[in-house]
Amino acid sequence: MIMTNLPLSADLIAEANAREIEALEDDYASLGRKLSRTGIDIDAIKRRVAGFSVAVPSWGAGRGGTRFAKFPIAGEPTNIHEKLEDCAVINQLSRVTPRVSPHFPWDKVSDYAGLREAAAALGLGFDAVNSNTFQDQPGQAHSYNTGSLSSTVKATRQQAIEHNIECIEIGQKLGSKDLTVWVGDGTNFPGQQDFARSLDRYLEAAAQVYAALPNDWRMLLEHKMFEPAFYSTVISDWGSSILAAQELGPKAKCLVDLGHHAPNVNIEQIVARLHRFGKLGGFHFNDSKYGDDDLDSGSINPHQLFLVFNELVEAELNPRDGFNPSYMIDQSHNVTDPIESMLSSAEAIAACYAKASLVDRAALHAAQESNDTMMAFQALRRAYNVDVGPILAMARYEAGGAIDVLATYRQSQWRPRKAQERKAVGLGAGIV
Ligand code: LRH
Ligand code: MN
């Protein structure tokens, strides 16, 4: 479908780029000369970057909140259609976020075919759909206060199963191919639930969701160490997740949310392990310093994000069981304009992919095999130290995007204009 309804004028982007292109061409040429001295063809890296993309979360388009408060931003989206408009602004400028990952029932509408068309007209498609059995909805028959897929209450488990199956049906209408299942099920007290029986109830219920998956779909199990449960969580770590995925079957994979681990956990090694056993299904990119802070990707620990992508490029070179992880952002924007945060995060993620693509793998592997520790480390560090900004900007520019995404976004006056048009969002707390 032709993108008939792009939110920003092409002239605005062209005028902004006209002021930047000369400097970009100079930076690109000099970086090209530098990289060619080490045998790297900058245009080849640019082509890889042009093929890279990451999905944005519909729930990231609005201001997120913490349990203490949510501070809305004037002009933030109030429904899925306005969220899609803002996601289209991000993609029109960055050219790296052509898919949106929706969440149900937060994004519930009556006409999903219409929603799919509206998204397509904005140049967007849909990535994995997310179910929600961590909040009770008005009029819901059974509360999830006892858990959901692992609840001791059979009727509650059945309700959670049916909700996940409904998300699959919605996803089929939207053109998705993945269902992300994160359950907050767990305990706050020792003895509150039996660890083994809780997992068995979860597996029995998840198997019924699995059975409803179309042949070409996957079920992405998202582990999380804690919150909302603070003593134990049923799917708390990659171990529980991979065992559950192996138990469920080949269409069940593991999704790694970077914020769902204890501080200092070696997440890049978890990525390598999940890939080794053909269970690496996807990512929720964000950053954190303490807990599941859902901060902007690469804003706290960009080196960790680079090391994760280093494992992903290695995995790409050694595919197992169809290497096709879903790359998605999952963040909560409490203090910035959500569009600016997702533009900045998409850039940070694409930059780590580009840097990981610059690693001299032959030199790295040779140093590893010969136990030349310093040269192995330097093979990664040399790539990490390259400013890949000109490569990302040139790929973006050639795809019709903005050379300077944040400056062009601010020149568009998008948010002040939307503040005039959209109704104000009420005060509140929590993520949505
Ligand atoms: C849980 C989580 C999950 C989403 C939610 C919005 O912390 O990461 O992926 O459903 O955030
Ligand atoms: Mn997540």
Side-chain angles (χ1 to χ4, degrees), residues 54-67 70 80 83 87 99-108 126-137 144 147-150 160 163-164 166-168 170-171 176 178-186 206 209 218-230 233-238 240-241 253-262 265 267 270-271 274 280-288 290-297 305 308 325-334 338 341-342 345 349 428-432:
V54 58
V56 290
S58 61
W59 62 94
R63 269 283 176 87
T66 68
R67 59 183 170 168
K70 167 181 169 162
I80 182 60
K83 289 176 184 177
C87 292
R99 294 178 312 283
V100 176
S101 183
H103 217 298
F104 298 101
W106 295 340
D107 298 325
K108 209 173 182 93
F126 288 99
D127 204 300
V129 293
N130 296 267
S131 60
N132 177 343
T133 59
F134 51 86
Q135 291 174 323
D136 288 345
Q137 306 304 325
Y144 290 130
S148 62
L149 293 174
S150 77
H163 167 66
N164 276 282
E166 184 196 2
C167 289
I168 294 170
I170 293 170
S176 300
D178 289 322
L179 168 70
T180 297
V181 181
W182 169 66
V183 295
D185 297 20
V209 176
R218 300 178 306 178
M219 188 171 168
L220 307 179
L221 309 183
E222 183 176 1
H223 60 272
K224 182 174 181 178
M225 184 174 67
F226 76 100
E227 187 204 44
F230 295 101
T233 292
V234 174
I235 303 295
S236 57
D237 56 20
W238 75 277
S240 306
S241 186
K253 304 278 185 184
C254 304
L255 181 143
V256 178
D257 183 313
L258 300 191
H260 288 186
H261 306 86
V265 160
I267 298 175
I270 293 172
V271 171
L274 290 171
L280 184 61
F283 287 86
H284 278 177
F285 294 118
N286 48 54
D287 212 332
S288 51
Y290 306 105
D292 186 21
D293 310 341
D294 281 339
L295 300 174
D296 289 10
S297 300
L305 188 58
V308 165
S326 271
Y327 295 143
M328 295 168 276
I329 290 173
D330 177 5
Q331 293 169 190
S332 179
H333 306 117
N334 303 348
S341 270
M342 292 208 270
S345 302
I349 293 163
I431 187 167
V432 168

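In what follows, every heavy atom counts, from backbone to side chain, and hydrogens, waters and symmetry copies are set aside. All ligand and atom numbering here is 1-based and tracks the order in the structure. All values derive from a computational prediction rather than experimental measurement.
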### Query
Where does Asp330 meet ligand 1, judged by heavy-atom distances below 4.0 Å: at the side chain, the backbone, both, or neither?
side chain

### Query
Can you tell me if His163 and Asn132 form a side-chain donor-acceptor pair at under 3.5 Å?
no

### Task
Say whether Asn130 and ligand 1 are in contact under the criterion: heavy-atom distance to a ligand atom below 4.0 Å.
no

## Note on the structure
Within 4.0 Å of some non-hydrogen atom of Trp59, the atoms of ligand 1 are 6 (C)

### Summary
ligand 1 atoms nearer than 4.0 angstrom to some heavy atom of His284 are 9 (O)

#### Entry: Ring-ring centroid check His223 Trp238, cutoff 6.0 Å
no

### Task
Considering the heavy atoms of Asp292, write down every atom of ligand 1 situated less than 4.0 Å from one of them.
7 (O)

### Task
Give the atoms of ligand 1, by number and element, whose distance to some non-hydrogen atom of Asp257 is under 4.0 Å.
8 (O)

### Task
Please check if any side-chain donor atom of Asn130 sits under 3.5 Å from a side-chain acceptor atom of His103, or the reverse.
no

### Task
Output yes when a side-chain donor or acceptor of Gln331 lies under 3.5 Å from a complementary backbone atom of Ser297, and no otherwise.
yes

### Summary
Taken by chain and residue number, the protein N/O/S atoms under 2.8 Å from the Mn ion (ligand 2) read Glu222 OE2, Asp257 OD2, His284 ND1, Asp330 OD2

### Message
Salt bridge check, Lys224 against Asp257: does any charged N sit closer than 4.0 Å to a carboxylate O?
### Response
no

### Query
Between Thr133 and Ser148, do the side chains contain an N or O donor and an N or O acceptor separated by less than 3.5 Å?
yes

#### Entry: Atoms in ligand 1 flagged as close to Lys224, the criterion being non-hydrogen separation under 4.0 Å
1 (C), 7 (O)

### Task
Please verify whether a non-hydrogen atom of Glu227 lies at under 4.0 Å from ligand 1.
no

### Query
Hey, is Lys108 close enough to Glu166 for a salt bridge, meaning N to O under 4.0 Å?
yes

### Message
Has Asp185 got a side-chain atom pairing as donor or acceptor with Val183's backbone, closer than 3.5 angstrom?
### Response
no

### Task
Return yes if a side-chain donor-acceptor contact under 3.5 Å exists between Ser332 and Asp294, otherwise no.
no

